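All chains are named by letter (A, B, ...) in the order of the sequence lines, taking the proteins before the strands, and each is independently numbered beginning at 1. The model shown is predicted, which means the values in this text are computed figures rather than measured ones.
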Amino acid sequence: MNTFASSSADPIIAQNLVRYFGDVKAVDGINITVKTGEIFGFLGPNGAGKSTAVRMLTTLLRPTSGTATVAGFDVAKHPDEVRRRIGVALQDAAIDPLMTGTELLRLQAVLYGIPQAQMKNRASELLERVGLTAAADRRVGTYSGGMRRRLDLALALIHQPTVLFLDEPTTGLDPMSRMSLWEEVRRLNNEGTTVMLTTQYLEEADQLADRIAIIDAGKIVREGKPQDLKAGVGFPTLLITVPSDQTERAKAVLATFGDMRPTAEGSLGVGLRGGANVVTDVVRKLDEASVRVQHLEVNEPSLDDVFAEATGHRLEGAKA
Amino acid sequence: MTVATSDVVIETTARSRQLSIRQTIAMAKRSTVELARQPALIAPSMFFPIFFAVLSASSFSKTTAIPGFPKVESFMQFTLASTIVQGVLFGSVTGAAALATDIENGFFDRLLLAPTTRTGILLGRLAGSALFGLFQSAFFLAVLVPFDAPITAGIPGALVMVLSGGIVSLAIGAIMSSVAIRTGSAEAVQGAFPLLFVLLFFSSAFFPRETMSGAYKRIADINPISYLVEGLRALVLEGLTFSAVVRALLVPTVICLAAILFALKELNRKLAAL
Amino acid sequence: MSTQQNAASVAMPTTMRSARGLAHRGIRNIRRLPSAFFPAMAMPVFTMIAFAGTFAAITRLPGFPTDRSVNWFMPLGICFGAAFSGIGLGFSTIRDIETRFYDRLLMSPAPRRSLIIGPLLTAWVRVAILCAFVIPMGMLLGVRFTSGLLGLLTLVVAAIGVSTISLGWGLGLAYRFRDMRGAAVMQLTMFVVLYLSTAQMPLPLMSGWLHDVARINPATNILRLARQGLVRPDSPDYMSWSNTWGGLLAIAGMATLTLVFARRGLDKLDR
């Protein structure tokens, strides 16, 4: 078997990847192919199996079955070769609070075999790049959440990896820090780094990813370019809120305009077969049925709709 | 557990006394149940003292012939008294840890705000440790006496020893509470513990004072733990004498009362500062 | 700067360089978190003073190999301290696993053995600091080496041996438990193994079951190695080749076992 695949191979290939924890199947036979130079978004709610899948791809966890090659090497058979070629920014930016930014970068450089002569330059370049030069000699314990993430990213880049894994890189960050991290990810990608990004934020996936896979309960339920996936949902969603005693009547009316869609508690949604043009007709029919509309909005298809359509429920906390 | 509610303020004195007794009992129950539910925390304080007793009985069996060593049947008989004190000390580490957690969870704030007697609540909180101290002492005697370590004072002597163990436990709890109230810091409570072990070691707990010399002997001579252990030891080696009973019960009682008074004083000081 | 694809040009990290990098971190943390190191220093001093003071009279027993109780108990204190140095690194490994800092180390291409050798170097440095502190203190309290520098050397070698054994044990348990339950098991077991030896009494003066256990406990050989330069020259435990190799063999055997235990635990971390 050719485990030393050629360098032209896709940087991440997972085939039927399965992982059990005891009797629990955390990852249930996923298949992914990430192309060179892509930003690939791995989208799903907490506990969907994203992190488990990434831990397998980054050699931290052995697959129960299935295979994966990353940067051309089998993760189970040649973990060291994989490790040399990937950079990983971890979910909670686990960094030793007693060390300074520079010390951590140097330790990372040593662990990745960066020659002594290059170490100093490399560390200061990276600190500059992520805007931490001024804080370089402060203990990490004094850093803000955003600074920790940026340092984490710098650590992941110390050996100029060809494939970068970002596991929930912006969870818990304020909007400003989030934007600046996105900027940096785009810049890295433009320089040729393939990025695999896991996130529970629809907007993040939509903004950054060239292609996404939606994972739910350990299975990939949709995969493709965000715009294609959204187009696949087709019609825009009409969301209305009505008094609770009129819900049934409203549903009957809406059903004549398209398929009902899952919504947050308290509202009704329908995929408008006739597009946004038919909204006035819908309102008229509701009025005729004596339904009082309290709130109305028309949404172009979003990744949340894709997610809802694929799984039957909305992504938690991702409501527009 | 909630204690302070606004209608308590309008209770009559009699009813408030009744309430305070109820609170004390509730606290005692809580702290006892808390200990009983955590066998993993209790186990080391049951195992280690027995381990050390058995270990030193075997290690030091020949030392009983050293000049100045009291007349004993075995080293185990000699070490019976120190096992109780040491075991209770070990055991109250658990109580202190619970106390530390209480501080972090704001228990002492509630204590400060309680409308009725604070002594009762404090004692109630310590009751779990005291009961555990009684239980430990009885357990150690039951396990070790059959190993060539008879108690000369017989059953009454054994009862005095068990009672003494309970009071020692209460005393340590009271000391730790005053540290807790004074500093309000869980770490300070935990950090105070090694000091107690140092105190235990610099006493005649493990070897007779008669065989010691120099500075070490002088420290042991002024260490109250020496007199406590020697009181218990006299019950084992000599019999039920007035002096033995007084030392076994009086030393921990005095320490206990002093610590509780100090704890309450600290509590009032805090209250005045509110 | 650009992130051109040059991973292949980066050399494979070597074991010793990676281990030194990790050791550097561990040593720095001694300075930055002294509260974690303090018990490992205070404990041997306390053991030495308290045991030597309390049990001073045991030196009067006929056949006791020294007339100075500090000579007898200082090596015990140092061995306890050395054991805690190794175990302390087990604790910090558990902390690293819990905070996921360890994931960072595991994802690096650094050779796996460097993840064990790094902490081992740290443990040795801690033992060196320990000896540099406790031995002069012991000498102030009356410790006298009866066989000069050689005695000092064998004591330090024994301490390094104990720290190696306890490090392997500590890491092995850290990799298996992965939480603070492991810490309790580490302490308890090391404690019991050291005590079930000639910790308090020389073999000929012991009796019963403890004598039988201590006779076959390798910790007895290690303590003999540690104490051989501190006992009377006419004692059978005095500095000799046979007392030395017995100790070295015990260290080699136990250290091999615990380090293999650690390595296997490390290899199973991804299970």
Q | Taking every non-hydrogen atom, the tightest pair across A:Met99 and C:Arg32 | A | CA-NH1, 3.7 Å
Q. When rounded to the nearest 0.5 angstrom, what is the spacing between CG in A:Leu61 and CG in C:Leu106?
A. 11.0 Å
Q: Sequence neighbours left out, what pairs pass salt bridge (Lys or Arg N to Asp or Glu O under 4.0 Å) with at least one residue falling in residues 156-167 of chain A?
A: none
Q: Let me see the working for A:Ile86 and C:Met107 under side-chain contact (heavy atoms from CB on, under 4.5 Å), right down to the final yes or no.
A: CA-CA 9 Å; A:Ile86 63 170; C:Met107 279 185 304; 5.6 Å; no
Q: Pick one of side chain, backbone, both or neither for A:Glu128, based on which atoms fall under 4.5 Å of a heavy atom in chain C.
A: neither
Q.
Between C:Arg95 and chain A, with a heavy-atom cut-off of 4.5 Å, which part of the residue counts as in contact: side chain, backbone, both or neither?
A. neither
Q.
Non-hydrogen contacts under 4.5 angstrom with chain A: give the residues of residues 19-29 of chain C involved, or none if there are none.
A. C:Gly21, C:Leu22, C:Arg25, C:Arg28, C:Asn29
Q: Give the member of A:Gln116, A:Arg106, A:Met56 that has the highest number of heavy-atom pairs under 4.5 Å with chain C.
A: A:Gln116
Q: Can you see which heavy atom on C:Phe101 is nearest to which on A:Leu104, and at what distance?
A: CE1-CD2, 3.6 Å
Q: Taking all heavy atoms of A:Gly113 and all of C:Pro13, pick out the closest pair and write down the distance.
A: N-CB, 3.5 Å
Q.
Run the side chain to side chain donor-acceptor pair (under 3.5 Å) test against A:Thr142 and tell me which residues pass, sequence neighbours left out.
A. A:Arg138
Q.
Which atoms of A:Arg139 are under 4.5 Å from chain C, going by heavy atoms: the side chain, the backbone, both sets, or neither?
A. side chain
**Q.** Contact leader toward chain C among A:Val110, A:Thr58, A:Asp80, A:Leu111, where contacts are heavy-atom pairs under 4.5 Å
**A.** A:Leu111
Q: Tell me, yes or no, whether the heavy-atom count around A:Tyr20 atom OH, taken from other residues, nucleotides or ligands under 6.0 Å, exceeds 12.
A: no
(Q) Quick check on A:Met179: does its CE atom have over 12 non-hydrogen neighbours (other residues, nucleotides or ligands) under 6.0 Å away? (A) no
Q: Working to the nearest 0.5 Å, report the span between OG of C:Ser108 and CD1 of A:Ile158.
A: 12.0 Å
Q) Rounded to the nearest 0.5 Å, what separation is found between the OG1 atom of A:Thr59 and the CG atom of C:Asp103? A) 9.5 Å
Q. Which of the residues C:Ser18, C:Pro111, C:Ser114 is involved in the greatest number of heavy-atom pairs with chain A at under 4.5 angstrom?
A. C:Ser18
**Q.** Which portion of A:Arg55 sits near chain C, non-hydrogen atoms under 4.5 angstrom
**A.** side chain
Q. Between the main-chain N or O of C:Pro109 and the side-chain N or O of A:Arg84, is there a donor-acceptor pair closer than 3.5 Å?
A. no
Q: Can you establish whether the number of heavy atoms outside C:Leu140 located under 6.0 Å from its atom CG is more than 12?
A: yes
(Q) Could you tell me if the side chain of C:Tyr102 sits less than 4.5 Å from the side chain of A:Leu60, heavy atoms only? (A) no
Q. What is the minimum heavy-atom distance between C:Arg104 and A:Leu155, and which atoms define it?
A. NH1-CD1, 3.4 Å
Q: Under 4.5 Å, heavy atom to heavy atom: which of residues 254-271 of chain C reach chain A? Give them by number, or say none.
A: C:Leu269, C:Asp270, C:Arg271
Q: Could you tell me whether A:Met119 atom CE has more than 12 heavy atoms of other residues or ligands within 6.0 Å of it?
A: yes
